[in-house]
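Just so you know, residue 1 is the first one in the sequence shown, and it goes up from there. The figures here come from the full heavy-atom set of this structure, side chains too, leaving out hydrogens, waters and symmetry mates. Everything numeric in this text was worked out from a predicted model, so none of it was measured.
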Amino acid sequence: MKIRKGRVFEIDEIMDMYSSCVKGMIAANIDQWDSSYPNKEVILEDLKNETFYILTIDEKIIGGINIDNIQDKTYLDINWKDTENKFLVVHRLAVRKEYWKKGIGKELMNFAELLVKQKKLNSIRLDTYNTNPIAINFYLNLGYTKKGEIYLKPNKNEYYCFEKLI
């Protein structure tokens, strides 16, 4: 198992990983993502910004995560514990469906926490859809605290914001 920055030429395999994850989410009645998001353009931008990381097993892309310091403007309404605003934001964490519940997501989140420590920052922020109990419980079990709700997309329910001080 290895985590490293993704590369632009890997986009098709990365999108295949997302497709697997989205199919699993839809099968579990989680409508957070669909065929329109996350899309190739968004992931290519992450790759070009060098903020997208992949987890590989035997050179196969199993999971991915974008880690940067860009938060949606709706995050400004949340009462974050990290008042110094020295944070990283996790976006688009995904794992191939056949690797769910094998610790891959946890490895990627541990990696994000390590980046926070290396950069001498204070916290991680993220959001997940309120009808995604798998993700909600995952973050709670990793020690994240629910900080509030935001609305990111029209015709969607609220998203829950989470934070963890590192």
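Side-chain atoms of Tyr75 come within 3.5 Å of backbone N or O of Asp127 as a donor-acceptor pair. The backbone N or O of Asn157 sits less than 3.5 Å from a side-chain atom of Tyr129, completing a donor-acceptor pair. Using a distance-only test at 3.5 Å, with no hydrogens or angles considered, a donor-acceptor pair links the side chain of Lys164 to the main chain of Leu142. In terms of modelled atom types and a separation under 3.5 Å, the side chain of Tyr159 and the main chain of Leu126 share no donor-acceptor contact. A distance-only check finds a donor-acceptor pair linking the side chain of Glu163 to the backbone of Lys81 [under 3.5 Å]. With hydrogens and angles ignored, the 3.5 Å screen pairs no side-chain donor or acceptor of Asn137 with any backbone N or O of Ile134.
In this structure the side chain of Arg4 reaches within 4.5 angstrom of the side chain of Ile54, judged on heavy atoms. Here the side chains of His91 and Val89 are in contact, with some heavy-atom distance below 4.5 Å. Contact of the Asn49 side chain with the Asp68 side chain is not registered, since no non-hydrogen atoms from C-beta on lie closer than 4.5 Å. Under the 4.5 Å side-chain criterion, counting only non-hydrogen atoms from C-beta, Ile62 is in contact with Lys60. Side-chain contact between Phe138 and Thr128 is absent, with no heavy atoms from C-beta onward closer than 4.5 Å. Taking 4.5 Å as the limit, every side-chain heavy atom of Leu121 sits out of range of all side-chain heavy atoms of Ile166. Using a 4.5 Å cut-off on side-chain heavy atoms (C-beta onward), Met109 and Val90 make contact. With a 4.5 Å cut-off on side-chain heavy atoms, Ile14 and Asp16 do not count as touching.
Proximity of the aromatic rings of Phe87 and Trp80 is defined here by a centroid distance below 6.0 angstrom, and this criterion is not met.
Hydrophobic cluster membership of Tyr151, counting Ile, Leu, Val, Met, Phe, Trp and Tyr whose side-chain heavy atoms lie under 4.5 Å apart directly or via other members: none, as it forms a cluster of its own.
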Please report the C-alpha distance between Tyr139 and Tyr160 in whole Å, then the side-chain angles of each, then the deciding distance to 0.1 Å, and finally whether the side-chain contact (heavy atoms from CB on, under 4.5 Å) criterion is met.
CA-CA 11 Å; Tyr139 294 122; Tyr160 293 159; over 6 Å; no
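Residues Leu114 and Leu88 do not share a hydrophobic cluster, clusters being chains of Ile/Leu/Val/Met/Phe/Trp/Tyr side chains in contact below 4.5 Å. Both Val8 and Ile61 are part of a single hydrophobic cluster, where members link through side-chain heavy atoms under 4.5 Å apart. In terms of hydrophobic clustering, with Ile, Leu, Val, Met, Phe, Trp and Tyr side chains grouped at heavy-atom distances under 4.5 Å, Met17 and Ile57 are assigned to a common cluster. By the rule that hydrophobic residues join a cluster once side-chain heavy atoms approach within less than 4.5 Å of another member, Met1 and Ile65 end up as members of one cluster. In the hydrophobic clustering of this structure, Leu140 groups with Ile30; members are Ile, Leu, Val, Met, Phe, Trp, Tyr whose side-chain heavy atoms approach within less than 4.5 Å, directly or through other members.
For the atom pair CH2 of Trp100 and OG of Ser20, the computed distance is 8.0 Å after rounding to the nearest 0.5 Å. A distance of 12.0 Å separates CG of Asp77 from CD of Glu149, quoted to the nearest 0.5 Å. Atoms OG and NZ, from Ser19 and Lys97 in turn, are 13.5 Å apart once rounded to the nearest 0.5 Å. Taken to the nearest 0.5 Å, the NZ atom of Lys2 stands 12.0 Å off from the CG atom of Asp58. Taking CD1 of Ile3 as the reference point, atom CG of Asn110 lies at 8.0 Å (rounded to 0.5 Å). Rounded to the nearest 0.5 Å, atoms CD (Gln71) and CG (Asn85) are 6.5 Å apart.
A donor atom on one side chain and an acceptor atom on the other are found under 3.5 Å apart for Asn66 and Thr51. Checked by atom type, the side-chain pair Asn69/Arg125 shows no donor-acceptor distance below 3.5 Å. Between the side chains of Thr131 and Gln32, no donor N or O sits under 3.5 Å from an acceptor N or O. Looking only at atom types and distance, the side chain of Arg92 has a donor-acceptor partner in the side chain of Tyr37 under 3.5 Å away.
Closest non-hydrogen pair, Asp34 versus Val22, comes out as CA-CG1, 3.9 Å. Shown here for Ile78 and Cys161, the closest heavy-atom pair between the two residues is CG1-SG, 3.9 Å. Between Lys40 and Met15 the shortest heavy-atom distance is N-CE, 3.6 Å. Between Pro38 and Ile43, the closest heavy-atom pair is CB-CD1, 4.1 Å. Between Ser123 and Asp82, the shortest heavy-atom contact is OG-OD2, 2.8 Å.
Taking the ring axis of Phe162 as reference, the NZ or CZ atom of Lys146 does not stay both within 45° of it and closer than 6.0 Å to the ring centre.
Within 6.0 Å of the NZ atom in Lys153, the count of heavy atoms belonging to other residues, nucleotides or ligands exceeds 12. A 6.0 Å sphere centred on CD of Glu59 holds no more than 12 heavy atoms belonging to other residues, nucleotides or ligands.
Under a 4.0 Å N-O distance rule, the pair Arg7/Glu50 does not qualify as a salt bridge. Taking the charged nitrogens against the carboxylate oxygens, Lys48 and Glu45 have no contact shorter than 4.0 Å, which rules out a salt bridge.
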